[in-house]
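Reading through the structure tokens given below for one structure.
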Amino acid sequence: MLRVYNTLSRTKEEFKPIDDPNVGIYLCGPTVYKPSHIGHMVGPVIFDAVKRYLTYSGYKVRLVVNITDVDDKLIAESNQCGVPMSKLAEEMTADYLANLAALGVDVIDCFPRCTETIDEIIRFTEQLIAKGFAYEAAGDVYFEVSKFPEYGKLSHRSVEALQGDGGGMAERKRSGADFALWKSAKPGEPSWPSPWGAGRPGWHIECSAMSRKLLGESFDIHGGGLDLMFPHHENEVAQSEACHGRPMAKYWMHNGLMQASSEVGKLGGRNTKPVEGDLAAQEVGKISKSKGSAPFRDMLKKFSGETIRFFVLSTQYRRPIDYSEERLHEVETGMDTFYRLFKRFERVASESFYALPAPATRKQGDFDAGDDPLLKTVAELRNRFLEAMDDDFNTGGAIGTLFDLVRAINKYADDEKLEEPSHRTPEKLDSFRRAILTLRELTATLGLFRQPPQEKTPGGDDLAGKLMKLLIELRAEARKKKDFATADRIRNTLTEIGVTLEDRPGGTDWSVK
RNA sequence: GGCGCCGUAGCCAAGUGGCUAAGGCAGCGGAUUGCAAAUCCGCCAUCGUGGGUCCGACUCCCACCGGCGCCUCCA
């Protein structure tokens with residue numbers, strides 16, 4: 001049974017789609033006014049895995065991520081750079097999409113833009129006015145929070161607490177808790193015509209409008225960073241539920257935020273006021289303030305998208321993650337164990353791990369282990385993996401069983417001496433292959449190891465490859481003649497320049513660190 | 001101040017009212033290797049502190065200490 005932690009109830013609930021087997025997921029995306037940073041990527045990676053796992057579990061999932069391409073920050077940034085807002089938004093959206101691609105996040109079904117949803121936003125606002133939940137005030141339209149008694153049910157805040165301070169509130173508002181659905185345009189600002197005059201959407205209305213347009217009045221999962229719970233998500237609930245008289249989303253999932261490690265945090269002090277108006281990634285307020293928000297694309301120069309994905313998924317999604325390069329390097333080291341096993345599989349079975357046809361669904365992945373000790377272990381570990389994932393997408397726990405699985409398979413290959421062709425039998429190879437296939441199946445649900453890693457140095461017919469071939473041959477000859485001094489000199493020198501040699505029954509492999 | 005989260009080994013990180021408290025990185029010992037590398041085996045925690053509940057708590061409750069998030073639009 002799949003269970004999901006629901007922010008609404010603050011408990012884990014059994015996952016039952018509204019319209020089984022269809023599942024609709026809406027995730028708050030970025031405000032595209034600057035290049036995206038690591039914090040923007042946490043949600044997409046997590047929900048990419050959520051969708052993959054739900055799909056694997058038999059559901060038909062539609063995942064929507066919005067792009068906020070009009071907002072105060074965008075206007076400010078565009079004025080400062082002297083670039084039209086639409087052009088700026090277009091460039092930053094391209095940056096965002098490229099980053100997702102690098103992470104292998106490719107299961108998002110659509111990216112609705114706010115500026116392409118203006119009609120729907122206006123209609124939504126009109127409906128709220130007609131139903132008495134919103135009012136116009138001098139070209140602005142505000143949602144009247146006091147008209148929606150359930151306000152605060154998501155973030156568990158009382159309206160009273162919010163109305164206490166009237167000091168800085170806009171004079172047009174009836175109450176400090178009211179929030180803007182539509183803002184009248186100031187001179188020079190981008191605007192759209194509306195029944196209330198030229199203006200633009202407020203901060204929260206787009207998500208209500210887009211989700212209704214693409215997923216319906218009620219859908220299954222609404223996701224976003226923890227920082228968005230209030231006020232953004234609370235306001236979405238108010239807008240949508242006031243308008244439709246039914247729950248907006250059945251499950252609300254909030255992911256923890258990316259933080260700088262304490263080391264870095266010290267440098268930035270406590271200046272952690274997040275960037276406002278940024279739907280998906282006020283997250284890393286700390287990082288962005290203390291480190292100047294290194295663009296994600298720069299991070300990709302240091303680490304592969306796969307490494308970052310693995311890093312993000314190695315922690316349960318509701319918890320904060322401490323970011324540090326050191327941590328990323330450790331993750332790389334751990335992942336190498338997987339890559340080495342995949343290469344080992346290729347040597348032994350002459351088949352690419354990445355081309356293996358992974359069972360697409362949970363049911364297909366079941367198999368009869370019989371009396372085969374390896375497969376029994378594999379089946380057990382597979383169950384543990386699935387149990388972890390069924391428990392509110394515990395990717396961290398699931399990854400732990402993956403390492404166990406790798407060890408079990410390596411041990412089998414060791415014990416059965418599969419590196420030596422003479423010891424291979426069809427039965428052993430079959431067990432080995434089925435175990436690897438299971439690894440393929442499970443890693444696929446996390447979106448991991450779908451492509452071979454970028455080789456640091458291609459070993460093909462380039463110069464380095466040819467030279468290495470020569471050196472390895474010379475060393476092999478030396479070793480044959482027991483001339484270990486020469487053999488070790490070659491290997492030690494290579495080690496110094498970062499090349500590692502691995503001797504094994506079939507020959508010598510090399511890799512660059 | 002209000003609402004909420006977290007504190008598990010050197011670092012990261014799962015998890016549980018009683019069974020060996022996963023796994024990763026680092027470290028140590030061993031097998032293997034001409035020596036290495038890789039791989040495998042073994043070792044490495046009593047779960048922030050103090051109380052309470054319970055036959056029994058790291059796991060529930062309270063307090064405290066420490067770390068952290070959010071508290072709208074305008075700014």
Side-chain angles (χ1 to χ4, degrees), chain A residues 7 10 72 140 142-143 145 152 155-158 160-165 167-173 175-181 183 202-204 225-232 234-235 254 256-257 259 261-262 265 270 272 274 276-277 282-283 285-286 310-311 314-316 318-322 324 326-327 329-337 340-341 343-344 381 384 387-388 391 394-415 419 478-479 482-485 487-488 491-492 494-495 499-505 508-511 513:
Chain A
T7 304
R10 306 280 161 116
D72 296 346
D140 290 349
Y142 294 100
F143 185 94
V145 168
S155 58
H156 295 230
R157 286 161 204 262
S158 66
E160 296 75 49
L162 302 169
Q163 290 176 324
D165 165 33
M169 88 185 229
E171 288 167 20
R172 296 162 180 170
K173 285 159 66 167
S175 159
D178 295 353
F179 56 90
L181 299 175
K183 297 174 172 184
W203 188 13
H204 316 287
L226 205 51
D227 56 333
L228 296 179
M229 189 167 80
F230 188 90
H232 184 57
E234 193 67 62
N235 290 353
H254 287 99
L257 309 181
Q259 305 177 335
S261 67
S262 53
R270 276 222 62 193
T272 60
E276 70 181 36
Q282 302 181 355
E283 352 198 323
K286 202 166 183 176
F310 197 105
F311 169 62
S314 61
T315 301
Q316 216 281 343
R318 282 188 278 124
R319 304 192 56 178
I321 314 176
D322 273 354
S324 77
E326 191 189 359
R327 183 73 40 227
H329 284 301
E330 287 179 14
V331 167
E332 276 181 338
T333 305
M335 290 173 76
D336 282 341
T337 306
R340 277 191 224 98
L341 174 60
K343 282 188 176 172
R344 189 174 201 184
L381 291 172
R384 267 175 50 202
E387 277 170 23
D391 183 13
N394 182 358
T395 53
I399 283 176
T401 69
L402 252 26
F403 277 99
D404 286 335
L405 189 51
V406 167
R407 192 187 313 119
I409 296 171
N410 267 325
K411 183 170 168 54
Y412 183 79
D414 279 5
D415 291 349
E419 296 278 1
R479 291 176 69 204
K482 305 275 187 204
D483 178 9
F484 296 122
D488 290 348
R491 188 178 60 200
N492 293 340
L494 286 172
T495 302
V499 177
T500 307
L501 294 185
E502 291 183 33
D503 295 329
R504 48 174 72 85
T508 298
D509 273 359
W510 64 281
S511 58
K513 195 168 174 57

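Naming convention: chains lettered A, B, ... in sequence-line order (proteins, then strands); numbering from 1 in each chain. What you see is a predicted model; the values in this text were computed from it and never measured.
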Whole-Å gap separating P (B:rG4) and CG (A:Leu257) =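 Result: 18 Å.
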For atom CD of A:Glu234 and atom P of B:rC73, their distance in whole Å |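 For the pair A:Glu234 CD and B:rC73 P, the rounded distance is 15 Å.
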With a 4.0 Å cut-off on heavy atoms, is [X] in touch with a base, just the backbone sugar-phosphate, or nothing at all?
X: A:Thr495; result: nothing
X: A:Asp488; result: base
X: A:Lys183; result: sugar-phosphate
X: A:Asp414; result: base

Both distances below 3.5 Å, Watson-Crick or wobble geometry, any strand: find the nucleotide opposite [N].
N: B:rC35; result: none
N: B:rA45; result: none
N: B:rG66; result: B:rC6
N: B:rC40; result: B:rG30

Test for a donor-acceptor pair under 3.5 Å between the base of B:rG34 and the side chain of A:Arg479, counting only N and O atoms.
->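 Checked by distance alone, the answer is yes.
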Looking only at side-chain N and O atoms, does [X] come under 4.0 Å of OP1 or OP2 in [N]?
X: A:Arg340; N: B:rU39; result: yes
X: A:Asn394; N: B:rG15; result: yes
X: A:Arg407; N: B:rC41; result: yes

Which whole number of Å gives the distance between the [atom1] atom of [N] and that of [M]?
N: B:rC54; M: B:rA45; atom1: P; result: 32 Å
N: B:rC12; M: B:rU53; atom1: C1'; result: 34 Å
N: B:rC25; M: B:rG66; atom1: P; result: 35 Å

Nearest-nucleotide 5' precedence on RNA chain B, A:Arg491 against A:Pro231 |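 Upstream on the strand: A:Arg491.
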When you measure from the side chain of A:Ala487, which nucleotide among B:rG34, B:rA38, B:rC40 comes out closest?
->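 Side chain of A:Ala487 sits closest to B:rG34.
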